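Here the structure is laid out as structure tokens; the discussion comes afterwards.
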Amino acid sequence: MESSILPTMIRLRASANSFLSQFEPLAIVVVPIVSFLIARVLQSFIQVIQERGLKATIIGFFMTLVKLVPGVKKHIDAEKQKIVDKLQSSGKSLRGDWKTELPNTGLGTRVLEQMKDFKQKDPAWQGKCSGTVYIGGNESEGHFSLINEACSMFAHTNPLHLDVFKSVVRFEAEVVAMTGALFGSKEKASGGEICGNMTSGGTESILLAVKSSRDYMRAKKNITCPEMIIPVSAHSAYDKACQYFKIKLWRVPVNKEFQADVKAIKKYINKNTIMIVGSAPGFPHGIIDPIEELGELAFSYGICLHVDLCLGGFVLPFARKLGYPIPPFDFTVQGVTSISADVHKYGLAPKGTSIVLYRNHEIRKVTSLLITEWSGGLYVSPTIAGSRPGSLVAGAWAAMLSLGQEGYLEHTREIMEASKRIQKGVKEIPELFIVGRPDMTIVAFASNIIDIFEVNDILSSKGWHLNPLQRPNR
Ligand SMILES: *Cc1c(COP(=O)(O)O)cnc(C)c1O
């Protein structure tokens, strides 16, 4: 038996060899390519595991597979749409007596009484609401009425008309200059060319910074398929910017300290990268990204770095002056090309005010619109909106000048101390822990033992309005 099988095998192997030898030249080319590809796939798989953790990778892989099943993706998209529809029509059930047409006879001054009535029925938000009102206590009343007066004085002005509303134009220039000075515009390291504009909020500032970076990189490096890289902790305004301006967005996991992971970001940089982003601090956890390292990275690749100071802009410069340990975050850091800062947050200005700043005119000018041929005449507009509320410009100017350095220092000291008290309180509750090491006034807490969303529900029932975070949920 054995003796008959052996020759057969030898013969088979010989014929197989001669058959395969035809392909030898091809194999010399194909085998290395195929093994290279397999190695690359494995390498990126391992990289993903390292960055996201094994569990998240397996779940992510599984979800991708599930979505390939016919109908599943459609179902998920439909469910997402339901959520969007629900959000857009929220309150519909409350409508009942909501007006849908103009009244025949106007209400005259009675309208104000009605408004007071409605306002009284809103939930009380002062002092117990996170992430939308940035002043509390007794001082707020005097401050609010001052801002209101400033706004009403300029309620009918529009900085689009430079030649008419000269006072508002001056206010805007001064608000921008004073904010620039908080971020190092007077320091030699900034290059001395900081410029910018007031916008309607952090989102518009970010949209403009992203658009400027995109157009600047197109002009400078001829990048036509732009990509940008941000930490997962960066604000959703970047998703909006990327959707609006057709930019491919990479969201990179943060490190164990919940900061931007500079090494991980570096891995995503390629010839199409226009910019990276750091937050000081980020909205979810209140943690400052390593801006200096990000600046070095951006500078070495000749790409833009936007620093999101929407939340920290009117706290960090003062906290540093007060002696709190604050790492570098502004234009004195080489590589930072733009900054956004919300005056309507800790700047204590009325809602609808933010500032976008650029390192120099070259970066800004690609976004400012200048139309010389329009039949309506010369048209210059530096922001997304055309007409803009002069009242808000005036409100921001009033907030900054009425408070001054000392006012902001005092306010910052109070909230920094309040934040320390909250941290201490959370630490005394054994079931909770603080997320990362809060750098500023934002404290995120979590639990490995109890359902944190339930904690939020209970706090809500006691009149607190906190921001529930996710990923991780805890
Ligand atoms: C608030 C905030 C934004 C967005 O600002 P809006 O004023 O809500 O448009 C962006 N980034 C950070 C860090 C923020 O805190």
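Because the structure is a prediction, the values reported are computed rather than measured. Order of listing sets the numbers, starting from 1, for every ligand and every atom in it.
Ring geometry for Tyr346 versus His411: interplanar angle of 30 to 60°, hence tilted. Using bins of under 30°, 30° to 60° and over 60° for the plane-to-plane angle, the ring pair Tyr379/Trp374 lands in the perpendicular bin.
Residue Thr203 has at least one N or O atom closer than 3.5 Å to an N or O atom of ligand 1. Between Asp308 and ligand 1, an N or O atom pair is found at a separation short of 3.5 Å. Polar contact check, Gly202 against ligand 1: a nitrogen or oxygen pair lies under 3.5 Å apart.
For the ligand labelled ligand 1, residue Lys345 lies inside the 4.0 Å heavy-atom shell.
Contact annotation: the side chain of Tyr324 never approaches that of Asp439 to less than 4.5 Å [non-hydrogen atoms, C-beta and beyond].
Expressed to the nearest 0.5 Å, how far CD1 of Ile230 lies from CD1 of Ile265 amounts to 9.0 Å.
Applying the 4.0 Å criterion to heavy atoms of Asp342 picks out, from ligand 1, the atoms 1 (C), 5 (O), 7 (O). Residue His344 has at least one heavy-atom neighbour below 4.0 Å for each of these atoms of ligand 1: 7 (O).
Between Glu410 and Arg413, at least one side-chain N (NZ, or NE/NH1/NH2) sits under 4.0 Å from a carboxylate O, which counts as a salt bridge.
When every heavy atom of Val169 is checked against every heavy atom of Pro159, the shortest pair comes out as CG2-O, 4.1 Å.
Between atom 10 (C) of ligand 1 and the options His235, Glu204, Lys351, the minimum heavy-atom separation is to His235.
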